[in-house]
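Here is the structure we will look at, set down as structure tokens.
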Protein chains: 2
Amino acid sequence: MDTRTALLDSAERAARQRGYDGFSYANLARDVGIRKASIHHHFPTKADLALELVERYAATFADALADIAERPSNGAEKLRAYLGLYRDALAGGTQLCLCVAFSAGRESLSPPVLAVLNRFHADSIAWLEHVFASAKVDRSVSGVGDIGAEARATLALMEGAQLIARGAADLDQFNRATAAFAARLSPASRH
Amino acid sequence: MDTRTALLDSAERAARQRGYDGFSYANLARDVGIRKASIHHHFPTKADLALELVERYAATFADALADIAERPSNGAEKLRAYLGLYRDALAGGTQLCLCVAFSAGRESLSPPVLAVLNRFHADSIAWLEHVFASAKVDRSVSGVGDIGAEARATLALMEGAQLIARGAADLDQFNRATAAFAARLSPASRH
DNA sequence: GTCTATAATGGGATAGAC
DNA sequence: GTCTATCCCATTATAGAC
């Protein structure tokens, strides 16, 4: 594999486990098998690396959301898939969504990275608002209230449930924290 | 004020803004007005400081929960007060609950600090389970399902809503994310 | 593209005078 | 209890050979 990609992969794993301040070029160098000075050839500064990391992550996530949105499914099924994204991102209780992991050490981040993070949040909320709006029409989700509030509550629930599960290193904590939310979603139809 | 207390206060502010890795003895020294070497007289290592910090915070929080629990109020009013604790902890969008702030850089923390953090979470969940159980009886909260799931979902919602509000540096984001939850609580009676 | 070598900085921590 | 002075280490980053 491409050294550059290997570095990004290694950095993503580390960042999602330990946050931005929690990984160093020395870690990456050991992990990838080159010297730390060589990393600067690919990413001149750590801020450059972080920016590309978060951009790549946001793009991948946005693709996943677009993929879900395009499916010919109702609101409940889209939200179930959304829930699955956050469950999978936990990697069994060891990792967080990169944006949650970066949200903590926020003050260490460069302005461009913060900008991507904020966009990620705004896009997520907009996507959720859209899905909740369609769910209100197709009646596949019970008790849908104000769309903006639903979207923010859902995002908060995902991020908080990740923190709880990560703290306990136990994926089941995520499932329990999101059980009531999942119960609002009408069952998947058996095609 | 006591130098020791001033150091703890300064450290708490810094930690809740920037996480464990995000503050240093140099910061505290500048803030409190002594030299950084002097801090070691009060707290030999940073792990010692962090432990006392998190213990003090957990104790204060536990007192607040006990205070709420002892009030002659129904489940809804207790949960409203709980919500208020997390809203106030945001300090208008600039700070997180210490346990949320520490949850991120988890891997940097010493085992004793992690232990206090885990106890904090467990105690919070137990407290919430108890309140939801009583709310099920007094019918002051709508649609109460499984107690354990309700408790974990509520904790996750608080923590996630804090992250969202902090990211936007806007307290109102917290209110919006928790609006649906607040709407489940029966209105406060006018004595 | 990767290496060795080396800044330059900042971190936590210690010794010992006052 | 606080200070100065110092240590050791890890960090990001650069220069220049190969």
Side-chain angles (χ1 to χ4, degrees), chain A residues 1-56 98 101-102 104-114, chain B residues 1-56 98 101-102 104-114:
Chain A
M1 192 193 351
D2 196 300
T3 301
R4 187 188 174 76
T5 307
L7 285 167
L8 283 172
D9 290 347
S10 173
E12 181 177 323
R13 236 174 301 122
R16 289 172 60 184
Q17 282 172 5
R18 291 183 287 277
Y20 180 77
D21 292 327
F23 75 94
S24 70
Y25 273 29
N27 304 150
L28 304 185
R30 219 172 302 123
D31 199 25
V32 170
I34 59 175
R35 297 296 183 159
K36 63 177 182 165
S38 308
I39 303 178
H40 288 278
H41 177 260
H42 302 278
F43 306 100
T45 72
K46 194 179 174 182
D48 293 326
L49 199 173
L51 181 57
E52 225 171 290
L53 203 56
V54 77
E55 278 175 341
R56 186 181 75 156
L98 181 65
F102 270 11
R106 206 175 158 72
E107 324 270 334
S108 314
L109 305 175
S110 71
V113 173
L114 280 178
Chain B
M1 191 194 350
D2 196 300
T3 301
R4 187 188 174 76
T5 307
L7 285 167
L8 282 172
D9 290 347
S10 173
E12 182 177 322
R13 235 175 302 122
R16 288 172 60 185
Q17 282 173 4
R18 292 183 286 278
Y20 179 77
D21 292 327
F23 75 94
S24 70
Y25 274 29
N27 303 151
L28 304 184
R30 218 171 302 124
D31 199 25
V32 170
I34 59 176
R35 298 298 181 156
K36 67 173 183 165
S38 309
I39 303 178
H40 289 279
H41 176 260
H42 301 279
F43 306 100
T45 72
K46 193 179 175 184
D48 293 325
L49 199 174
L51 181 57
E52 226 171 291
L53 203 56
V54 77
E55 278 175 341
R56 186 180 76 154
L98 182 65
F102 270 11
R106 207 176 158 70
E107 324 270 335
S108 314
L109 305 175
S110 71
V113 173
L114 280 178

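Chain letters run A, B, ... following the sequence lines, proteins first, then strands; residues in each count from 1.
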B:F43 and B:L8: CA distance, side-chain angles, deciding distance, side chain to side chain contact (heavy atoms under 4.5 Å, CB included) verdict: CA-CA 10 Å; B:F43 306 100; B:L8 282 172; 3.7 Å; yes

Protein proximity profile, nucleotides 2-18 of chain D - base contact B, sugar-phosphate-only contact S, no contact -, cut-off 4.0 Å on heavy atoms: BBBB-----BBBB----

Nearest-0.5 Å distance, NZ of residue A:K46 to CD1 of residue A:I39: 10.5 Å

Check: B:T45 main-chain N/O paired with B:Y25 side-chain donor or acceptor under 3.5 Å: yes

Over 12 non-hydrogen atoms of neighbours within 6.0 angstrom of CZ in B:R35: no

Residues in side-chain hydrogen bond (donor to acceptor under 3.5 Å, both in side chains) contact with B:Q17, at least two apart in sequence or another chain: none

